[in-house]
Amino acid sequence: MDLGIAGKRALVCASSKGLGRGCAEALAGAGVNLVLNARGADALEETAAAIRKAHGVEVTAVAADITSEAGRAEVLAAAGDVDILVTNAGGPPPGMWTDWEREDFIKAIDANMLTPIALMKALMPGMIDRGWGRVVNITSQSVKSPIAVLGLSNSARAGLTGYVAGTARQVAEKGVVINNLLPGIHATDRADSLDSGVAKAQGISLEEARDKRASGIPARRYGTAEEFGATCAFMCSQHAGYMIGQNILLDGGALNATL
Ligand code: NAP
């Protein structure tokens, strides 16, 4: 399927690895020029070079912390006008409700709610002027189905979801389409770190922790960054113009719900 976005320009945040990289690869495969970002310059440059070589698109790499004001300013200055924005950042650490203080919530809200909101506020006016734009926020299944140990994530991402629900409907008439993409468990470094925690707590191997988790998912496996990226690219395509303010869950059927 031709996604109809060849030659557009996308900013994909937190994209040297994992789900962000999956989105960047899929957009590049559709002919989209990219601005990539991550904190670590080495992995970021490697990813940028691999995508240039594989897809022949323009790739600008900006090593910066997207959750800091200075980092965002650097990324936005390099990005200029973009047609497509994919927001992403690392997720907050797991814990217990008794662990979390105000500062922990502020940090999580800054990273996983206020950062995507700041990026949308900076980039959507240009999209509105040009009459076309796509925003995909990478959030989490925890928005629909809470993961108790990820209370910081549950809280911050719920806030972003509420913001998107209203804002998507304010900008839709201008040709700007905002949606959220909700990963269930996917095979990335983040999943390894969550599974390592479980393995340590239960005295089992990482492999056993992974198998145990996969056995509880109807698809009996973890998702891949490639599958995730392909869905993101569709949500950024010409074909997604009537999909407004939706929360698209990719979880292998893990959430047991009819609707
Ligand atoms: P990952 O494999 O650990 O990759 C994270 C990527 O983001 C890396 O490129 C990392 O590079 C970059 N990054 C992290 N913090 C950043 C920051 N502050 N500024 C700029 N770049 C940053 O993680 P993932 O699995 O792709 O997860 C992506 C998001 O989806 C996270 O918010 C995660 O909580 C959420 N999620 C993931 C899953 C899953 O199963 N994988 C499930 C639900 C939700 P640097 O470290 O070099 O910055």
Side-chain angles (χ1 to χ4, degrees), residues 9-28 32-55 57-80 82 84-95 100 103-123 135-140 142 150 152-153 155-157 159-160 180-181 183 185-197 224-226 228-229 232:
R9 183 172 167 84
L11 166 58
V12 186
C13 303
S15 52
S16 65
K17 299 181 193 165
L19 303 179
R21 178 171 180 166
C23 296
E25 296 266 6
L27 287 168
V32 174
N33 297 313
L34 299 174
V35 180
L36 301 186
N37 151 258
R39 291 163 304 179
D42 292 350
L44 181 65
E45 289 299 342
E46 259 176 51
T47 297
I51 291 179
R52 271 183 214 112
K53 194 168 167 213
H55 303 287
V57 295
E58 285 170 25
V59 184
T60 304
V62 189
D65 183 343
I66 198 68
T67 67
S68 75
E69 220 172 306
R72 269 195 305 281
E74 214 180 310
V75 171
L76 287 168
V82 302
I84 295 169
L85 166 66
V86 179
T87 75
N88 186 28
W100 301 317
E103 291 64 37
D104 302 304
F105 281 103
I106 298 290
K107 220 166 146 188
I109 288 168
D110 249 341
N112 298 110
M113 177 183 170
L114 297 180
T115 290
I117 289 174
L119 291 165
M120 282 184 265
K121 190 154 187 282
L123 294 172
V135 178
V136 173
N137 299 295
I138 299 179
T139 66
S140 173
S142 69
L150 292 180
L152 294 172
S153 169
S155 308
R157 297 188 199 277
L160 174 63
N180 302 321
L181 185 50
I185 193 76
H186 281 69
T188 66
D189 289 357
R190 166 80 170 168
D192 276 351
S193 110
L194 292 174
D195 286 340
S196 299
T224 68
E226 290 75 19
F228 190 87
C232 175

Test side-chain contact (heavy atoms from CB on, under 4.5 Å) applied to Cys23 and Ile138, step by step: CA-CA 10 Å; Cys23 296; Ile138 299 179; 4.0 Å; yes
side-chain contact (heavy atoms from CB on, under 4.5 Å), that's the test. Do Leu119 and Ile66 meet it? Break it down for me. CA-CA 9 Å; Leu119 291 165; Ile66 198 68; 4.0 Å; yes
Examine distances only and state if a side-chain atom of Asn37 and a backbone atom of Val62 form a donor-acceptor pair shorter than 3.5 Å. yes
For Ser193, enumerate each residue passing the side-chain contact (heavy atoms from CB on, under 4.5 Å) test, keeping only those at least two apart in sequence or located in another chain. none
Going through the checks in order, is the side-chain contact (heavy atoms from CB on, under 4.5 Å) test met by Thr67 and Asp110? CA-CA 7 Å; Thr67 67; Asp110 249 341; 5.8 Å; no
Taking all non-hydrogen atoms of both residues into account, name the closest pair between Leu76 and Ala122 and its distance. CD1-CB, 3.7 Å
CD1 (Ile84) and CG (Leu11) are apart, to the nearest 0.5 Å, by 10.5 Å
What heavy-atom pair brings Lys17 and Asp189 nearest, and what distance separates the two atoms? CD-OD2, 3.4 Å
Would you give me the side-chain donor-acceptor pairs under 3.5 Å for residues 40-51, sequence neighbours excluded?
from: Thr47; atom 1: OG1; to: Ser16; atom 2: O; distance (Å): 2.7
from: Thr47; atom 1: OG1; to: Arg21; atom 2: NH1; distance (Å): 3.2
from: Thr47; atom 1: OG1; to: Ala43; atom 2: O; distance (Å): 3.0

Can you name the nearest heavy-atom pair linking Val86 to Leu27, along with the distance? CG2-CD1, 4.1 Å
CZ-CG distance between Arg52 and Asn33, expressed to the nearest 0.5 angstrom: 11.0 Å
Do you know the tightest heavy-atom contact between Arg190 and Leu150? NH2-CD2, 3.9 Å
Is the shortest side-chain heavy-atom distance between Pro92 and Arg157 below 4.5 Å? yes
For a quick test of reading the model, state the closest non-hydrogen atom pair linking Val35 to Ala79 and the distance between them. CG2-CA, 3.9 Å
Run the ring-ring contact (aromatic ring centres under 6.0 Å, His included) test against His55 and tell me which residues pass, sequence neighbours left out. none
Could you please spell out the steps behind the side-chain contact (heavy atoms from CB on, under 4.5 Å) verdict for Leu160 and Asn112? CA-CA 7 Å; Leu160 174 63; Asn112 298 110; over 6 Å; no
Does a donor on one side chain and an acceptor on the other come within less than 3.5 Å for Asn137 and Thr87? yes
Gap separating the CG atom of Asn180 from the OG1 atom of Thr139, nearest 0.5 angstrom: 5.0 Å
Considering all heavy atoms, the nearest Phe105-Ser155 contact: CE2-OG, 3.8 Å
